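Numbering of ligands and ligand atoms starts at 1, following listing order. Everything quoted here is computed from the prediction, not taken from an experiment. When reading the values below, keep in mind they use all heavy atoms of this one structure, side chains included, and skip hydrogens, waters and symmetry mates.
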Amino acid sequence: MSDNVATVDATVSPSIISYSDKFNVAVPFIDRHLNEGRGDKVAIRVHGGGAVTYKTLAEHVNKAGNALINLGLVRGDRVLMIVKDSAEFYYIFWGAIKAGIIPVPLNTLLRAKDYAYMIENSEAAGILFSPEYSSEVDLALEKSEYKPKITLLTDGSSECLAKQMLTASSNLEAAVTTADEDCFWLYSSGTTGGPKGVIHAHKDMVVTSQHYAVGILGISDKDICFSAAKLFFAYGLGNAMTFPLWVGAEAILLPGPPTPDSCHEVIEKYKPTIFYGVPTLYAAQLKSIESKGTNDPNLSSIRVCTSAGEALPPDLLKRWVDKTGIPLLDGIGTTEILHIFLSNRIGNVKPGASGLAVPGYEGKVVDSNCKEVPPGETGDLMIKGDSLLKLYWRNPEKTADSLKDGWMYTGDTYYQDEEGFFFCCGRSDDMLKVGGIWCSPVEIENKLVEHPKVLEAAIVGRKDDEQLIKPEAFIVLNEPHDAGDDLKAELLEHCKSGLARYKYPRWFNFVDDLPKTATGKIQRFQLRSD
Ligand code: 3UK
């Protein structure tokens with residue numbers, strides 16, 4: 001077998017994937033398309049920007065990889081990416097991988113203290129960022145004890161990466177790596193402790209693209225993909241980058257925030273065939289469509305929509321399908337497993353369920369002894385498959401707690417019905433998913449307690465009118481007589497100014513005390529309204 005080849009036997013289900021001994025995943029995802037005659041086909045269209053062909057993509061990936069090497073980065077170095085959805089995101093991510101450097105895309109909505117933590121935790125050799133995020137990154141670099149060798153804007157300055165790429169060679173030999181070797185990281189958050197570095201291997205993007213995108217979505221080079229979820233999420237990374245690149249399809253990128261109006265504009269203009277969203281956005285899109293009466297956006301190019309990040313309420317699913325006639329598939333994925341492993345199918349959707357196991361993955365619901373429970377009984381969801389993280393960076397305890405004999409605890413509570421469909425019953429910890437994005441109650445509580453008038457705070461999830469979870473605050477004040485709408489407004493501002501923008505509490509309640517365990521741990525479940 002030649003080097004850098006993944007061979008797929010799709011005559012069996014699940015398809016069997018094998019890898020050449022030497023395997024750098026940048027070659028099948030980027031260079032292969034030139035050998036297969038797709039050089040002039042469009043790979044990426046940026047809303048408000050230009051189009052990039054597969055040939056230009058391959059050249060720019062090489063230039064970016066060479067620029068990183070020329071800047072002094074070496075194999076195994078981590079490079080943090082705080083980069084908006086853009087062609088540069090692709091160049092840096094794949095250029096790094098091809099050069100054996102490890103890209104670590106970070107959530108661009110985070111704040112300086114989050115970035116400072118990640119800089120220190122990863123001991124990154126480099127940090128690359130879009131100009132939009134300069135102020136948070138500059139602050140983070142000031143705060144961080146650890147100083148990366150290279151800090152560089154992607155574009156827009158005399159020293160930026162785009163400038164370095166101009167003079168870099170457009171030829172780059174792929175670093176000799178193997179299918180199981182470290183390839184890229186993503187950060188995942190938990191209720192306690194800082195975010196954890198999730199290490200993925202070269203083969204993992206092949207596995208998710210083949211099993212989910214080909215197996216469930218039936219993606220082909222005729223498809224045009226548009227993901228409202230950004231590339232820095234594992235969900236968006238697959239949707240708008242690895243899936244189209246695996247089959248030679250086209251991706252549409254929206255650099256700005258995904259609002260109903262901006263998404264409808266992109267859909268009408270670029271006519272995607274696959275649209276990937278999150279429940280909060282589908283709810284907002286429906287609201288926008290319903291409020292505009294007769295001028296419905298033209299969504300007719302879309303053959304399938306996906307929903308992930310948080311559970312899709314059955315009523316929302318029904319309203320979407322009634323209004324648009326487009327199938328909407330709820331599926332659950334995690335950063336650790338990289339993409340969706342339980343999913344509904346086109347033509348086989350059960351409202352309220354996360355679906356059946358995606359071929360290539362196995363799922364089971366277990367009790368506290370790790371023993372499988374019968375259908376209808378609730379327990380912990382465990383998943384087995386070939387795209388599971390290798391390990392959490394410098395966190396052997398968490399790695400050992402999460403992985404058992406090739407199975408992974410997802411941290412979700414589920415039950416299975418008689419037909420094998422999986423139903424989500426919430427998290428087994430207190431973490432919240434708000435608009436599909438992680439939200440630690442502890443982080444919001446800590447922010448509230450920073451306010452001089454707040455003695456203690458607890459955050460729980462509460463369902464809004466669309467049945468979607470948002471944070472609700474319960475607050476004990478130092479001086480109970482301060483309670484009132486003015487203080488609520490002040491606390492809201494306090495949270496908005498210091499936290500990522502989706503994390504502020506939508507409801508504030510002043511209470512005399514918080515329910516606690518004997519050891520003083522807040523019992524958040526006692527405060528939940530459902
Ligand atoms: C929750 C869901 C119910 C669940 C993700 C698609 O969300 C992704 O990854 P994250 O690491 O979060 C994982 C956690 O989110 N969740 C996600 N999808 C659903 N809960 N129904 C769903 N459909 O708690 C899970 O453990 O941010 C989503 C693809 C790749 C991903 N990484």
With distance as the sole criterion, is a donor-acceptor pair present between the side chains of [X] and [Y] under 3.5 Å?
X: Ser188; Y: Tyr392; result: no
X: Tyr187; Y: Asp114; result: no
X: Tyr414; Y: Ser354; result: yes

If you measure every N or O of [X] against every N or O of ligand 1, does any of those distances drop under 3.5 Å?
X: Ser188; value: no
X: Gly309; value: yes
X: Ala308; value: no
X: His339; value: no
X: Glu336; value: no

| Can you tell me how far the CD1 atom of Ile127 sits from the CZ atom of Arg78, to the nearest 0.5 Å? |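 Separation between the atoms: 13.5 Å.
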| query | Just how far is it from atom CG of Leu128 to atom CG of Leu106, taken to the nearest 0.5 Å? | reply |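 These two atoms lie 11.0 Å from each other.
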Between [X] and [Y] (salt bridge meaning N to carboxylate O under 4.0 Å), is one present in this structure?
X: Asp386; Y: Lys203; answer: no
X: Arg524; Y: Glu445; answer: yes
X: Arg111; Y: Glu443; answer: no

| query | Does Leu338 have a non-hydrogen atom less than 4.0 Å from ligand 1? | reply |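 A heavy atom of Leu338 does come that close to ligand 1.
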| task | Report yes or no: does Gly331 have a heavy atom closer than 4.0 Å to ligand 1? | result |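 Per 4.0 Å heavy-atom rule, Gly331 contacts ligand 1.
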| field | Contacts of Lys271 that satisfy salt bridge (charged side-chain N to carboxylate O under 4.0 Å, His left out) - sequence neighbours left out | value |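 Applying salt bridge (charged side-chain N to carboxylate O under 4.0 Å, His left out) to Lys271 gives none.
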Which bit of [X] is near ligand 1, meaning a heavy atom under 4.0 Å away: side chain, backbone, both or neither?
X: Asp330; answer: side chain
X: Ala311; answer: both
X: Ile437; answer: neither
X: Trp438; answer: side chain

Considering only protein heavy atoms, which is closest to [atom], and at what distance to one decimal place?
atom: atom 8 (C) of ligand 1; result: Gly333 O, 3.3 Å
atom: atom 2 (C) of ligand 1; result: Glu310 CA, 3.7 Å
atom: atom 27 (O) of ligand 1; result: Lys433 NZ, 3.3 Å
atom: atom 10 (P) of ligand 1; result: Thr335 OG1, 3.5 Å
atom: atom 6 (C) of ligand 1; result: Tyr235 CD1, 3.4 Å

In ligand 1, which numbered atoms sit nearer than 4.0 Å to a non-hydrogen atom of [X]?
X: Cys424; value: 3 (C)
X: Asp412; value: 4 (C), 24 (O), 25 (C), 26 (O)
X: Thr410; value: 26 (O)
X: Arg427; value: 24 (O), 25 (C), 26 (O)

| What do you reckon, are the aromatic ring centroids of His339 and Phe243 less than 6.0 Å apart? |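 His339 vs Phe243: aromatic centres under 6.0 Å.
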| Is any side-chain heavy atom of Asp261 less than 4.5 Å from a side-chain heavy atom of Ser288? |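 A side-chain contact under 4.5 Å exists here.
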| request: Any pair with a residue in residues 301-321 that passes side-chain hydrogen bond (donor to acceptor under 3.5 Å, both in side chains), sequence neighbours left out, goes on the list, sorted by first then second residue, please. | output: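 Non-adjacent pairs meeting side-chain hydrogen bond (donor to acceptor under 3.5 Å, both in side chains): Asp223-Arg303, Tyr235-Thr306, Thr280-Glu310, Lys318-Asp322, Arg319-Glu466, Trp320-Thr324.
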